[in-house]
Amino acid sequence: MPELPEVETIVRSLRSALVGQTINSGEILWPRTLAAPGMQEFTARLPGQTIQSLGRRGKHILIHLDPDTLIIHLRMSGDLRVEEGCDPQGVPLSLQKHDRAAFHFDSGQRLVFINPRKFGRVWLTNNPSGLLDKLGPEPLDEAFTADVFYQRLQAHKRQLKPLLMDQHFLAGMGNIYTDEALHQARLHPLRISNSLTRKEAELLWQAIREVLQEGVRRNGASIDWVYRGGDFQNDFKVYQRTGEPCAVCGTTIERMLVGQRGTHYCPVCQKQHG
DNA sequence: ATAAACGCCTGACGGC
DNA sequence: TGCCGTCAGGCGTTTA
């Protein structure tokens with residue numbers, strides 16, 4: 001479950017349970033989950049570090065330790081849970097089929113990284129900027145103004161949908177919120193970024209921020225078997241509504257492939273030209 | 001510079 | 001019931 005609103009929801013839900021916990025050990029159950037450093041260094045450095053705070057940058061979850069930072073990316077199917085590590089008799093509770101990493105705390109609790117499709121990644125680093133500075137602006141930051149967005153759009157000659165999903169261009173948008181934002185702004189997914197007028201750019205900027213804010217307010221969207229408790233899926237205007245009427249004009253929502261990703265749009269509201 | 005194709009993975013679903 | 005293709009909230013690498 002990972003786009004900005006879902007990641008933000010997870011971070012908020014974990015914060016109070018995790019801050020102050022001291023790590024006793026880290027355990028990687030699917031080796032490729034650990035992006036960096038090597039396994040030896042990872043297991044050696046983690047014990048004794050205490051969680052200072054939790055944050056988010058784009059779709060990355062930041063667990064600030066001292067002195068390192070634990071960074072988790074959920075990719076397509078990741079989730080996190082906090083639970084007791086042992087039963088009342090002190091017998092360790094077994095991990096589940098799709099658990100790929102576990103962080104055991106001195107308190108006896110543990111943080112488990114669930115990740116059925118194994119795409120998710122974990123980093124332990126004393127230099128998080130090296131990873132995070134490559135990301136584009138935070139769409140909900142004050143610094144991300146309509147002017148900044150317009151200039152960035154003008155600097156590229158790319159299709160809007162893949163550009164908005166490019167984390168180097170803008171951090172946090174994924175397939176759902178991109179489709180929803182483009183529909184709200186009445187822009188075709190294949191419009192070329194530097195063809196937008198200043199007015200269109202501002203409408204898109206506003207749409208991006210509104211769909212993300214609404215997503216956060218609704219605790220994200222819950223789809224498929226990975227359920228988080230959010231209900232933004234009830235507000236979808238185009239995503240996964242292929243064949244249903246557009247809420248604005250009644251035209252049948254269509255689906256096309258853009259960069260190998262299912263893309264949902266209204267052919268009347270979102271004209272390629274004009 | 002842009003974009004398309006592919007690889008990485010498991011599971012759910014619909015059609016036959 | 002089983003098998004098969006398709007699809008899935010992501011992203012890095014390779015190829016054109």
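By convention in this document, chain letters (A, B, ...) are assigned in the order of the sequence lines, proteins followed by strands, and residues within each chain are numbered from 1. Values in this document were obtained by computation on a predicted structure and should not be read as measured data.
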Using the side-chain heavy atoms of [X], tell me which of these nucleotides is nearest: [options].
| X | options | value |
| --- | --- | --- |
| A:Q240 | C:dA8, B:dT10, C:dG10 | C:dA8 |
| A:R100 | B:dT10, B:dT2, C:dG10 | B:dT10 |
| A:K59 | B:dC9, C:dA8, C:dC11 | C:dC11 |
| A:K118 | B:dT2, B:dT10, B:dC6 | B:dT10 |
| A:H98 | B:dC6, B:dC9, B:dG11 | B:dG11 |
| A:R261 | B:dA3, C:dA8, C:dG10 | C:dG10 |
| A:Q167 | C:dC11, B:dC8, B:dT10 | C:dC11 |
| A:R255 | C:dG10, B:dA3, C:dA8 | C:dA8 |
| A:M76 | C:dG10, B:dC6, B:dC8 | C:dG10 |

Review point. According to the Watson-Crick and G-U wobble definitions, with both distances under 3.5 Å, which nucleotide is paired to B:dG7?
Key: C:dC11
Rounded to whole Å, how long is the line connecting atom [atom1] of [X] with atom [atom2] of [N]?
| X | N | atom1 | atom2 | result |
| --- | --- | --- | --- | --- |
| A:F169 | B:dT2 | CZ | P | 10 Å |
| A:R121 | C:dG12 | CZ | P | 10 Å |
| A:F236 | C:dA8 | CZ | P | 13 Å |
| A:K161 | B:dA3 | NZ | C1' | 15 Å |
| A:D224 | C:dG10 | CG | P | 12 Å |
| A:M256 | B:dA3 | CE | P | 13 Å |
| A:I223 | B:dC13 | CD1 | P | 14 Å |
| A:L74 | B:dC9 | CG | P | 17 Å |

Revision key, fill the gap. For A:C266 and A:I253 the tightest heavy-atom approach is CB-CD1, 4.0 Å
Review point. Counting any heavy atom closer than 4.0 Å, what does A:S222 reach on the DNA or RNA strands: base, sugar-phosphate only, or nothing?
Key: base
Review point. Just checking A:Y177: base, sugar-phosphate only, or nothing, at a heavy-atom cut-off of under 4.0 Å?
Key: nothing
Sidechain-backbone polar pair: [X] side chain, [Y] backbone, donor-acceptor under 3.5 Å:
| X | Y | result |
| --- | --- | --- |
| A:Q109 | A:F105 | no |
| A:Q233 | A:S222 | yes |
| A:R198 | A:E202 | no |
| A:K134 | A:S129 | no |

**Study point:** Under-3.5 Å donor-acceptor pair between A:R158 side chain and B:dA3 base
**Key:** no
Tell me whether the side-chain N/O atoms of [X] come closer than 4.0 Å to OP1 or OP2 in [N].
| X | N | value |
| --- | --- | --- |
| A:H73 | C:dC11 | yes |
| A:K97 | B:dG11 | yes |
| A:H156 | B:dT2 | yes |

Check your understanding: Centres of the A:Y239 and A:F232 rings: under 6.0 Å?
Key -> no
Exercise for review: Check the geometry between A:F119 and B:dC8 and answer yes if their rings are stacked (centres below 5.5 Å, planes below 30°), otherwise no.
Suggested key: yes
